[in-house]
Amino acid sequence: MTVLPIRIHGDPVLHEPAAPVIEFDDALRHLVADMFETMDAAPGVGLAAPQVGVGLRVFVYSYGNDASEKPWRGVVVNPTLYMTPPAAGVPDEHDEAEGCLSFPGERFPLRRSERVVVTGFDAHGQPLRIEAEGWRARILQHEYDHLDGTIYIDRLDSAFDRVLLRIVRKRGWGVAGNSWNPMDERLEG
């Protein structure tokens, strides 16, 4: 696991384990609605509450293979992740590359488990269970990591350290007040 010597993001909530949700109330459902709106605007396939500055164990996801397919979409509150171990070997730079809204504009190869089961609750407190494979499994693992204070670049091979540090310096990340808002780009475009 790579540990960068500088913080690349100003908000400490990204680097701390999130707290369990206690109240399944209108405030939680409002947060979830805002998270879906932010994820869709980015656009992204997942978003965890710490990514919007809220230290709660909540994430949303949405994924479809093409425009004709209804998206696989939902929210998980207080999740537990079960997975098969990832296959040994070097990740494929094309088929296993992923990106993150917390490190925008970049993609790096990362080996993940091909199958997962996530249990938790929906925004109304009803239990749920999700079994996923492939990219859907990758999405769930990625968002679950955020709830434990881990960004996917923290999991990259140390061979990427220099590249990551150059990107951080070039973009001025790690500087207080310097942040990215997906709505800024939508308004400019």
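- Going from atom CG of L47 over to atom CD1 of I139 covers 12.5 Å, rounded to the nearest 0.5 Å.
- A heavy-atom distance below 4.5 Å is not found between the side chains of Y144 and V76.
- Nearest heavy atom pair, residue F121 against residue F24, reads CB-CE2, 3.8 Å.
- Remark: R166 engages no residue in a salt bridge (charged side-chain N to carboxylate O under 4.0 Å, His left out) (not counting sequence neighbours).
- The side chain to side chain donor-acceptor pair (under 3.5 Å) test applied to E131 returns R129, not counting sequence neighbours.
- Considering every non-hydrogen atom in both V13 and G53, the closest pair reads CG1-CA, 3.6 Å.
- Below 30°, between 30° and 60°, or above 60°: for Y152 and H142 the angle between ring planes is between 30° and 60°, a tilted geometry.
- Here the side chain of D148 pairs no donor or acceptor atom with the backbone of T150 at under 3.5 angstrom.
- Of the possible donor and acceptor atoms, none in the side chain of R112 sits under 3.5 Å from a partner among the backbone N and O of A137.
- Residues L14 and Q51 come closest through the heavy atom pair CD2-CA, 3.7 Å.
- Residue pairs meeting the side-chain hydrogen bond (donor to acceptor under 3.5 Å, both in side chains) criterion with at least one partner in residues 24-34, sequence neighbours excluded, are D26-R29, H30-D34.
- Using a 4.5 Å heavy-atom threshold, the side chains of T119 and P79 count as separate.
- When the salt bridge (charged side-chain N to carboxylate O under 4.0 Å, His left out) test is applied to E133, the partners found at least two apart in sequence or on another chain are R115.
- In terms of heavy atoms, V75 sits closest to V58 at CG2-CG1, 4.0 Å.
- Taking CZ of R111 as the start and CG of D92 as the end, the distance is 8.0 Å to the nearest 0.5 Å.
- Residues V117 and V77 do not share a hydrophobic cluster, clusters being chains of Ile/Leu/Val/Met/Phe/Trp/Tyr side chains in contact below 4.5 Å.
- Residue pairs that meet the side-chain hydrogen bond (donor to acceptor under 3.5 Å, both in side chains) test with at least one member in residues 71-83, sequence neighbours left out, are D40-R73, S62-R73.
- Considering only heavy atoms from C-beta on, V52 comes within 4.5 Å of M35 through its side chain.
- Of the possible donor and acceptor atoms, none in the side chain of E93 sits under 3.5 Å from a partner among the backbone N and O of P109.
- Every residue two or more places apart in sequence or in another chain was checked for a salt bridge (charged side-chain N to carboxylate O under 4.0 Å, His left out) with R107, and none qualifies.
- A donor-acceptor contact shorter than 3.5 Å is absent between the side chain of R57 and the backbone of A49.
- How far CZ of F59 is from CG of D145: 10.5 Å, rounded to the nearest 0.5 Å.
- For the pair D122 and L128, the tightest heavy-atom approach, listed with the atom from each and the gap, is N-CD2, 3.5 Å.
- The heavy-atom pair separating I151 from C100 by the smallest distance is CG2-SG, 4.4 Å.
- Looking at S113, its side chain never comes within 3.5 Å of a backbone N or O of M83 through a donor-acceptor pair.
- Between E96 and F108, the closest side-chain pair of non-hydrogen atoms is not below 4.5 Å.
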